[in-house]
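Predicted model, so just to flag it, every value in this text is computed and none were measured. When a residue number appears, it is its place in the shown sequence, counting from 1.
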Amino acid sequence: ACDTVKKRLIEAEAIETAIEMFENFGDSTVIIQSLLYILTNVTLRNPDVAEHFADSGGFEFVLTFINKYLDKPKLMKQVCMLLRNA
């Protein structure tokens, strides 16, 4: 996604919405993987978005996720990619 789209997503509180969705639909690996994919792409090569992710409780979200789904290697790979970007 281009930086303009990323900026609009931040303005629309997309990161906060994604974290809330995880809390509400945390038992569906399809939804979790989609949310992680979105967050990974939004934070890619954009320090402002990565900072917003951190300020929005993103790292707490990731730690909760890691503790809950450590036994799911594909999801952990996506988490690692998200952490690399953030």
Side-chain angles (χ1 to χ4, degrees):
C2 70
D3 289 344
T4 304
V5 172
K6 291 177 183 181
K7 183 178 178 183
R8 288 184 184 156
L9 287 170
I10 294 306
E11 290 169 355
E13 298 183 349
I15 289 177
E16 294 85 352
T17 301
I19 292 171
E20 286 176 24
M21 288 181 69
F22 173 77
E23 292 169 354
N24 294 328
F25 301 100
D27 295 332
S28 170
T29 56
V30 172
I31 292 175
I32 293 167
Q33 191 161 0
S34 298
L35 292 173
L36 289 170
Y37 178 78
I38 291 166
L39 290 171
T40 300
N41 282 307
V42 169
T43 56
L44 181 64
R45 291 188 298 273
N46 194 318
D48 293 333
V49 176
E51 182 178 357
H52 183 79
F53 173 76
D55 292 344
S56 298
F59 288 110
E60 290 83 6
F61 158 75
V62 170
L63 289 174
T64 301
F65 181 86
I66 289 171
N67 290 328
K68 189 171 182 180
Y69 296 102
L70 194 56
D71 62 334
K72 307 239 184 259
K74 289 182 181 181
L75 296 178
M76 287 298 106
K77 178 181 176 184
Q78 194 69 39
V79 167
C80 290
M81 291 170 63
L82 173 59
L83 288 174
R84 174 197 69 195
N85 295 346

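The same ILVMFWY cluster, assembled from side-chain heavy atoms under 4.5 Å apart, contains both Phe61 and Ile10. The hydrophobic cluster containing Ile66 also contains Ile15, counting ILVMFWY residues as joined when their side-chain heavy atoms lie under 4.5 angstrom apart, directly or transitively.
Here the straight-line distance linking atom CD of Glu20 with atom OG1 of Thr17 works out to 5.5 Å at 0.5 Å rounding.
Checked against side chain to side chain contact (heavy atoms under 4.5 Å, CB included), Ala18 has the following partners two or more places apart in sequence or in another chain: Leu35, Leu39. Ile38 is linked by a side chain to side chain contact (heavy atoms under 4.5 Å, CB included) to Val42, counting only residues two or more places apart in sequence or in another chain. Taking the ring-ring contact (aromatic ring centres under 6.0 Å, His included) definition, one finds that Tyr37 meets it with nothing, sequence neighbours left out.
Sequence neighbours left out, the pairs with a member in residues 44-57 that pass side-chain hydrogen bond (donor to acceptor under 3.5 Å, both in side chains) are Asp3-Asn46, Glu16-His52, Glu16-Ser56, His52-Ser56.
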Would you be so kind as to tabulate the donor-acceptor pairs closer than 3.5 Å made by side chains of residues 72-86, with sequence neighbours excluded?
{"from": "Gln78", "atom 1": "NE2", "to": "Thr40", "atom 2": "OG1", "distance (Å)": "3.1"}
{"from": "Asn85", "atom 1": "ND2", "to": "Thr40", "atom 2": "O", "distance (Å)": "2.7"}

